[in-house]
J.: 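Got a structure for you, written out below as structure tokens; questions coming shortly.
Quick caveat, the model's predicted, so the values are computed rather than measured. Atoms considered below: every heavy atom in the structure, side chains included; atoms not considered: hydrogens, waters and symmetry mates.
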Amino acid sequence: MKRIAWGITGSGDLIKETYDAMVYIKEKTNIEFMVFLSKEGETVMKWYHMWDDIQRDFPNFKTDAGPNSPFIAGPLQIGHYDMLIIAPATANTVAKIVHGIADTLVTNAVAQTAKGETPIYILPVDRQKGTVITYAPSGKELKLKMRDTDVENTEKLSRMENITILNSPEDLYRIMGISKE
């Protein structure tokens, strides 16, 4: 059985689409998920009224109590999990990873996992220059302009060892080896 560690950061952009893909994958496979949330990931799940859902759908979940608490870096480093997925990843998380800052549960998990052989997949929300349309928790449409610095950090992230960039939540199906019906 595959084991997946899924880290959620404080991005509202793509959270619903990512969550729906992960629920679908969980329902269609026997993959075991361990979900962990940054402090802001927890906040966003509550803002988007998904807090109860994640507790129901992914009972093996953990919240950030510090960069190494709960202790998940070790199991990731030694291959207890088949892959680490960070989706969606905020510009802040991407910038920290690119610059070697490991001061949150998510960034420390990436830093330590990169030292081993467990593959890391990251879905940054700031992937390309231009404007994106996303939605507020109320459902109101928001247009956001991607900052050059954030897009540049995503480009740097794509060149880091043992990290693969995902371009959309749809890529989750491919890396899990299943097709969406």
Side-chain angles (χ1 to χ4, degrees), residues 4-22 25 35-50 54 63-64 66-68 72-73 76-77 83-116 118-176 180:
I4 307 298
W6 172 28
I8 300 171
T9 70
S11 173
D13 187 19
L14 300 178
I15 188 59
K16 179 77 171 113
E17 298 90 338
T18 300
Y19 189 84
D20 290 347
M22 292 301 232
I25 291 165
V35 179
F36 61 104
L37 297 91
S38 69
K39 289 177 183 173
E40 294 308 317
E42 180 178 345
T43 299
V44 165
M45 295 302 282
K46 290 175 180 175
W47 280 346
Y48 280 77
H49 309 289
M50 298 169 70
I54 197 165
T63 55
D64 188 334
N68 212 23
I72 60 173
L76 279 160
Q77 213 172 33
M83 68 180 73
L84 169 61
I85 298 169
I86 307 299
T90 61
N92 184 54
T93 297
V94 170
K96 286 182 175 190
I97 293 167
V98 165
H99 294 286
I101 300 169
D103 65 346
T104 68
L105 185 60
V106 172
T107 57
N108 188 54
V110 172
Q112 297 309 312
T113 303
K115 296 177 181 180
T118 303
I120 303 166
Y121 297 91
I122 301 178
L123 174 61
V125 293
D126 299 314
R127 292 177 308 286
Q128 56 191 5
K129 291 181 182 182
T131 302
V132 298
I133 296 174
T134 188
Y135 298 91
S138 66
K140 180 183 175 186
E141 184 177 287
L142 297 172
K143 291 182 182 179
L144 302 175
K145 180 184 175 288
M146 299 299 101
R147 301 181 322 159
D148 289 346
T149 190
D150 298 330
V151 173
E152 289 166 11
N153 281 333
T154 295
E155 291 168 2
K156 290 176 187 175
L157 183 69
S158 73
R159 295 188 297 271
M160 293 181 74
E161 293 177 67
N162 199 29
I163 293 177
T164 301
I165 299 297
L166 302 175
N167 290 308
S168 77
E170 298 292 315
D171 288 345
L172 294 165
Y173 301 107
R174 177 184 48 77
I175 66 169
M176 302 280 188
K180 183 179 175 189

J.: Tell me the closest heavy-atom pair linking Thr118 and Met83, and the distance in Å.
T.: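 Shortest heavy-atom separation between Thr118 and Met83 comes out as CG2-CA, 3.7 Å.
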J.: Side chains of Leu123 and Pro169: does their closest heavy-atom pair fall under 4.5 Å?
T.: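 They are in side-chain contact.
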J.: Can you tell if the side chain of Lys39 reaches within under 4.5 Å of the side chain of Thr104, non-hydrogen atoms only?
T.: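 Heavy-atom side-chain distance check fails, nothing below 4.5 Å.
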J.: Please evaluate residues Tyr173 and Ile25 with respect to the criterion side-chain contact (heavy atoms from CB on, under 4.5 Å), reporting the C-alpha separation (whole Å), side-chain torsions for both, the decisive distance (0.1 Å), and the verdict.
T.: CA-CA 7 Å; Tyr173 301 107; Ile25 291 165; 3.8 Å; yes
J.: With no hydrogens and no angle check, is any side-chain donor or acceptor of Gln77 less than 3.5 Å from a backbone partner on Gln112?
T.: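 Yes.
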J.: Quick one: OG1 on Thr113 to CG on Leu76, what's the gap to the nearest 0.5 Å?
T.: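 Atom-to-atom, Thr113:OG1 and Leu76:CG are 3.5 Å apart.
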J.: Please determine whether side-chain contact (heavy atoms from CB on, under 4.5 Å) holds for the pair Met22 and Val35, giving the CA-CA distance in whole Å, both sets of side-chain angles, and the decisive distance to 0.1 Å.
T.: CA-CA 11 Å; Met22 292 301 232; Val35 179; over 6 Å; no
J.: Would Leu157 and Ile97 count as a side-chain contact (heavy atoms from CB on, under 4.5 Å) if you check the C-alpha gap in whole Å, the side-chain angles of each, and the deciding distance to 0.1 Å?
T.: CA-CA 8 Å; Leu157 183 69; Ile97 293 167; 3.6 Å; yes
J.: Work out which heavy atom in Met160 is nearest to a heavy atom in Val98; give both atom names and the distance.
T.: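 Closest approach of Met160 to Val98, heavy atoms only: SD-CA, 3.9 Å.
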J.: Using the rule side chain to side chain contact (heavy atoms under 4.5 Å, CB included), only one of Val94, Thr93, Val125 pairs with Thr9; which is it?
T.: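 Checked Val94, Thr93, Val125 against Thr9; only one passes side chain to side chain contact (heavy atoms under 4.5 Å, CB included): Thr93.
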J.: From Thr164 OG1 over to Ile120 CD1, what is the distance, rounded to the nearest 0.5 angstrom?
T.: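 CD1 of Ile120 is found 9.0 Å from OG1 of Thr164.
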J.: Apply side-chain contact (heavy atoms from CB on, under 4.5 Å) to residues Met176 and Ile4 and explain how you reach the verdict.
T.: CA-CA 9 Å; Met176 302 280 188; Ile4 307 298; 4.1 Å; yes
J.: Taking NZ, NE, NH1 and NH2 as the nitrogens, is one of them in Lys156 or Glu152 under 4.0 Å from a carboxylate oxygen of the other?
T.: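 No, no charged N to carboxylate O under 4.0 Å.
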J.: If I take atom CD1 from residue Ile54 and atom CE from residue Met45, how far apart are they, to the nearest 0.5 angstrom?
T.: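 One finds 4.0 Å between CD1 of Ile54 and CE of Met45.
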J.: Do side-chain atoms of Thr18 reach the backbone of Ala87 as a donor and acceptor pair under 3.5 angstrom?
T.: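 No.
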J.: Is it true that a side-chain atom of Asp171 and a backbone atom of Asn167 form a donor plus acceptor pair closer than 3.5 Å?
T.: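 Yes: the side chain of Asp171 pairs with the backbone of Asn167.
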J.: For Val44 versus Ser11, what's the shortest heavy-atom pair and its separation?
T.: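 Smallest heavy-atom distance, with atoms named: CG1-O, 3.6 Å.
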J.: How far does NE2 of His99 sit from CG of Asn153, to the nearest 0.5 angstrom?
T.: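 Rounded to the nearest 0.5 Å, the NE2-CG separation comes to 4.5 Å.
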J.: Can you find a heavy atom in the side chain of Thr90 that is under 4.5 Å from one in the side chain of Pro88?
T.: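 Heavy-atom side-chain distance check fails, nothing below 4.5 Å.
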J.: State the CG-CD distance between Asp126 and Glu155, to the nearest 0.5 angstrom.
T.: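 Going from the CG atom of Asp126 to the CD atom of Glu155 covers 11.5 Å.
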J.: Can you see which heavy atom on Asn162 is nearest to which on Gly116, and at what distance?
T.: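 Of all heavy-atom pairs spanning Asn162 and Gly116, the closest is ND2-O, 3.8 Å.
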J.: Side chains of Ile165 and Pro124: does their closest heavy-atom pair fall under 4.5 Å?
T.: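 Sidechains of Pro124 and Ile165: in contact.
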J.: Return the CD1 to CG distance between Ile8 and Leu37, rounded to the nearest 0.5 Å.
T.: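 Spacing of CD1 (Ile8) from CG (Leu37) equals 4.5 Å.
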J.: Would you check if the side chain of Trp6 reaches a backbone N or O of Leu84 as a donor-acceptor pair within less than 3.5 Å?
T.: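 Absent.
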J.: Quick one: does Ile86's side chain get under 4.5 Å of Val110's, heavy atoms only?
T.: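 Side-chain contact under 4.5 Å: yes.
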